[in-house]
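Each chain gets a letter, A, B and so on, in the order the sequences are listed, and its residues count up from 1.
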There are 2 protein chains.
Amino acid sequence: MFSIGELSRRTKVKVPTIRYYEEMGLLAEAERTSGNQRRYDKAGLERLSFIRHARDLGFSIEAILSLIELQDHPDRSCETATDIAVSQLADVREKIKRLKLLEKELKRISDGCDGHGVSENCYVLASLADHELCEREH
Amino acid sequence: MFSIGELSRRTKVKVPTIRYYEEMGLLAEAERTSGNQRRYDKAGLERLSFIRHARDLGFSIEAILSLIELQDHPDRSCETATDIAVSQLADVREKIKRLKLLEKELKRISDGCDGHGVSENCYVLASLADHELCEREH
DNA sequence: CTTGAACCTCTAGTCACTAGAGATTGTAGA
DNA sequence: TCTACAATCTCTAGTGACTAGAGGTTCAAG
Ligand SMILES: [Zn+2]
Ligand SMILES: [Zn+2]
Ligand SMILES: [Zn+2]
Ligand SMILES: [Zn+2]
């Protein structure tokens, strides 16, 4: 059994975040000492590691809630899990796509001015004022 | 002179968002009719277009505030503008980098299970539980 | 038994909006 | 001119995933 601080150290999840996960229902309510402090065991540690890893991969709290629900029922079909993963992958790909468009335009904009001029003639400001200068939609 | 709704239509910025930008100091306080409704002119339209374009490119409200400040002083050095653009580009590149790592892992995870199995044996759930299965840091 | 780090709960703040309530105004048709 | 009613107004609260801080209590080492 270890304290919330110890759990935090082992998982690299900050203490208030652990409490937040508990409040959100991701972590079961921990056992308490007679003085009301949380105590965790190996199961708690594993669950928090799971949550942390999923968050690192960009899954939302809501998605993780479903995933955990599934994990708690080893006999259920895992279809939902794959669905969630596939949709997360699609999300990430969408984001990459969008960011690449932004990168192109931002590179053009940044390269357009060395910062030694005056606001009035600045290509950065002109570009922001006029989307027509952009090479594509973004 | 046109109403906030008309401005919204022309810029594709929602009405409450326009009011929000005003509150944040991005838009000057609009003139009002005798009945207290906002009225805008060409200058207001152009400024909102600028803001909208900058937001579409991912600049923060705070950054846009600086950019507008600069735009209002045509004689100042534009160094800040380039700095902001360069740092925004760096941000975007960082995000792309990170998302590409996520994409790799998520693809592996998604591909690892067709969803026809049972939760207990699901590669998706196993992967989330164990970062060791990941090919790289992410 | 004392000290002080760690813990507790609760509230509020972050960012860039978005939603809704309840009241007022603008405008077009009768 | 009157009447609908869409559009506008202000204000408050909610979103997601935390983070910060206040003010009080508990744990564990010495
Ligand atoms: Zn410049
Ligand atoms: Zn553009
Ligand atoms: Zn599966
Ligand atoms: Zn991993």
Any Lys/Arg nitrogen of B:E103 or B:K100 sitting under 4.0 Å from an Asp/Glu carboxylate oxygen of the other? no
Using whole Å, what does the distance between atom P of nucleotide C:dC10 and atom CD of A:E22 come to? 12 Å
Taking OP1 and OP2 of D:dT26, is either one under 4.0 Å from a side-chain nitrogen or oxygen of A:S34? no
Listed nucleotide nearest any side-chain atom of B:Y21, set C:dC8, C:dA16, C:dC17: C:dC17
Hey, are B:E23 and B:R19 close enough for a salt bridge, meaning a charged N less than 4.0 Å from a carboxylate O? no
Nearest-nucleotide comparison on DNA chain C, the residue closer to the 5′ end among A:N36 and B:K14: A:N36
Per atom distances to the B:V15 side chain, the nearest of D:dC18, C:dT18, D:dT8 is D:dT8
Atom-to-atom span, CD of A:E6 to C1' of D:dC27 - whole angstrom: 14 Å
Within this structure, what is the CD-to-C1' distance between A:E23 and C:dC8, rounded to whole angstrom? 13 Å
What's B:R19 touching, base or sugar-phosphate or nothing? Going by heavy atoms closer than 4.0 Å. base
Provide, to the nearest angstrom, the distance between the CZ atom belonging to A:R39 and the P atom belonging to C:dC8. 8 Å
Between A:R38 and C:dC8, is there a contact of a side-chain N or O with OP1 or OP2 at under 4.0 Å? yes
In this structure, how many angstroms lie between the P atom of D:dT19 and the CE atom of A:M24, rounded? 14 Å
Looking only at the side chain of A:Q37 (C-beta and beyond, no hydrogens), which of the listed nucleotides C:dA6, D:dC9, C:dC17 gets closest? C:dA6
Between atom CD1 of B:I61 and atom OH of B:Y20, what is the distance when rounded to the nearest 0.5 Å? 5.0 Å
What contact category does B:R32 fall into here, base, sugar-phosphate, or nothing, at under 4.0 angstrom with non-hydrogen atoms? sugar-phosphate
Just how far, in rounded Å, is P of C:dC8 from CG of A:L7? 11 Å
Counting the atoms with a prime plus P, OP1 and OP2 as sugar-phosphate, which does B:F59 contact under 4.0 Å by heavy atoms, base, sugar-phosphate, or nothing? nothing
What's the closest nucleotide to the side chain of A:R55 if the choices are D:dA28, D:dC18, C:dC8? D:dC18
Tell me which nucleotide among D:dT10, D:dC18, D:dC27 gets nearest to the side chain of A:T33. D:dC27
Checking A:R98, A:K104, A:H131 against A:H138 for side-chain hydrogen bond (donor to acceptor under 3.5 Å, both in side chains), the one that qualifies is A:H131
The nucleotide from C:dG26, C:dA16, C:dT18 with an atom nearest the side chain of B:I61 is C:dA16
Rounded to the nearest 0.5 Å, what separates atom CD1 in A:I84 from atom OG in B:S110? 11.0 Å
On the nucleotide D:dT8, are OP1 or OP2 found under 4.0 Å from the side-chain N or O atoms that B:S3 carries? yes
Any Lys/Arg nitrogen of B:E105 or B:R108 sitting under 4.0 Å from an Asp/Glu carboxylate oxygen of the other? yes
Separation of D:dT10 C1' from B:I18 CD1 (nearest whole Å): 16 Å
Between OH of A:Y20 and C1' of D:dT15 the distance, given in whole Å, is 10 Å
